[in-house]
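Here the structure is laid out as structure tokens; the discussion comes afterwards.
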2 protein chains.
Amino acid sequence: MDRTTGIFVDGMGAAAATSGILNQLQGRIFALLYLQPGPLSLDEIATELEQSKSNISVNIRGLVDWHLVRRSRVGGSRRDQYEAAADFWRVMQEIMERRFRWNVRQVLATIDETERAVEEERGRRDWVQFVTTRVAGLRAFFAAMDAGFGAFAHGKPLDPAALKHPLLAAVPRPRPRG
Amino acid sequence: MDRTTGIFVDGMGAAAATSGILNQLQGRIFALLYLQPGPLSLDEIATELEQSKSNISVNIRGLVDWHLVRRSRVGGSRRDQYEAAADFWRVMQEIMERRFRWNVRQVLATIDETERAVEEERGRRDWVQFVTTRVAGLRAFFAAMDAGFGAFAHGKPLDPAALKHPLLAAVPRPRPRG
DNA sequence: CAGTACGTTCAGAATATTCTAAACGCTCTG
DNA sequence: CAGAGCGTTTAGAATATTCTGAACGTACTG
């Protein structure tokens, strides 16, 4: 591997490792493919990155899932070819929906469960009141995030105003009088 | 711990574990504190979550760093008290700046290095040309992300348009005639 | 100023993740 | 239809992360 590619591969690997989306090896695989004029096979990638073929196989699947890499099969050959995709907006949409929004919904689901549980608590009326209020505050914020991320992934601007005061934003405004 | 808190703690722990920001224990600590009417000490948290005090000590520091938990010391006591913060927008700003944007800048720094390296490559003129173009495409996208995240953290809307066609957005538009 | 009540650090144990090499199964080929 | 050339699965090795308990430092307390 030439010096330029080495620097790019190392740097992108390090960035990926702290991304919370890809691991280091996935960052390296993508970086390698991104600087190639043509597609590479599994074996070529494994050799270049000094990793086992099985490890590349497993990790490249994640890259294909995020639409960061395209898999193709040329002619009648049964050898897969891989190349980097360059539609980063598409990747970001995917991450928004399948990672961030999915995570937000985990929280919303937990809030649902918690609200159901607190309704069954016997006695301790003001504690129940307190928990209900707190959980409502969390729900307002995460509901706003869910809506905001959803809109963003569909190409609409994400306005932080809804996150600053989610409780206010969640409540329908009184109509201004004529 | 009562049933309601248990459900909330477990759910938030699971969500945190896949967040890429907090680990499971940090999610559990925050959840426990969030349903408490008053602050708790390190030892109380450790007992409730069945973890060693040292482990709580280390992990709660991260929560304080993200402004998810406030540390206070009441009166002349030397016992720290912790309570959940509820300004989630502040937390999001912190994450935007110190996590996402920092990560984006890692990529931009790698691109800088790569461009410097490719300039020193001898021969292979069309390969150099190819790499330069590709890296420019990546830079345009990540520069747009950096700008967008920065604006968002300062309360301005984040418009996906700049990410859809970053190369176009980066170039100043020709003035319309007339 | 010795004793106690804390928070933190650290070495090593427990656990989870990443990686390899061998085994497997599929598909094309002669 | 046997063999070669693939990608994938899997058991276990290598490595990284998380967790504990003991040791330590500091600041109140009697």
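Letters A, B, ... mirror the listed sequences (proteins, then strands); counts begin at 1. Computation of the quantities below employed the complete heavy-atom set of this structure, encompassing side-chain atoms and omitting hydrogens, waters and symmetry-equivalent molecules.
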(request) Sequence neighbours left out, what pairs pass salt bridge (Lys or Arg N to Asp or Glu O under 4.0 Å) with at least one residue falling in residues 141-159 of chain A? (result) A/R101-A/D146, A/R105-A/D146
(request) Calculate the interatomic distance between A/Q24 atom CD and D/dA16 atom C1'; express it in whole Å. (result) 12 Å
(request) Report the distance from atom CD1 of B/I45 to atom C1' of C/dC6, rounded to the nearest whole Å. (result) 14 Å
(message) From CD of B/E44 over to P of C/dA5, roughly how many Å is that when rounded to an integer?
(response) 16 Å
(request) Please report, rounded to the nearest Å, how far the C1' atom of D/dG7 is from the CZ atom of A/R79. (result) 11 Å
(message) Taking B/E121 first and then A/R3, would you say they form a salt bridge - that is, a charged N and a carboxylate O separated by under 4.0 Å?
(response) no
Short N/O separations, protein against nucleotides 24-30 of chain C, under 3.5 angstrom:
none

(message) Please report the distance, rounded to the nearest Å, between CZ in A/R71 and C1' in D/dC6.
(response) 12 Å
(request) Using the ring-ring contact (aromatic ring centres under 6.0 Å, His included) rule, collect all pairs that involve residues 124-144 of chain A, keeping only residues at least two apart or in two chains. (result) A/F141-B/F88
(message) According to ring-ring contact (aromatic ring centres under 6.0 Å, His included), does anything in residues 61-83 of chain A pair up with another residue at least two apart or in another chain? List the pairs.
(response) none
(request) Let me know the distance between CD of B/Q81 and C1' of C/dA5, rounded to the nearest Å. (result) 14 Å
(message) Counting the benzene-type ring for Trp, do B/F100 and A/F100 have ring centres under 6.0 Å apart?
(response) yes
(request) Take the protein atom CG of B/D80 and the nucleotide atom C1' of C/dA5, then report the distance between them rounded to whole Å. (result) 12 Å
(request) Examine A/L49 and A/V64 and state if one hydrophobic cluster contains both, with Ile, Leu, Val, Met, Phe, Trp and Tyr joined whenever side-chain heavy atoms are less than 4.5 Å apart. (result) yes
(request) Check DNA chain C against residues 50-64 of chain B and give the residues with a non-hydrogen atom under 4.0 Å, in numerical order. (result) B/K53, B/S54, B/S57, B/R61
(request) Answer yes when A/E83 and A/R71 have at least one side-chain N-carboxylate O distance shorter than 4.0 Å, and no when they do not. (result) no
(request) Check the distance between C/dA5's P and B/L42's CG and give it to me in whole angstrom. (result) 16 Å
(message) Please enumerate all residues that pass salt bridge (charged side-chain N to carboxylate O under 4.0 Å, His left out) together with B/R90, with sequence neighbours excluded.
(response) B/E94
(request) Kindly work out whether a path of hydrophobic side-chain contacts (I/L/V/M/F/W/Y, heavy atoms less than 4.5 Å apart) joins A/V128 to B/I7. (result) no
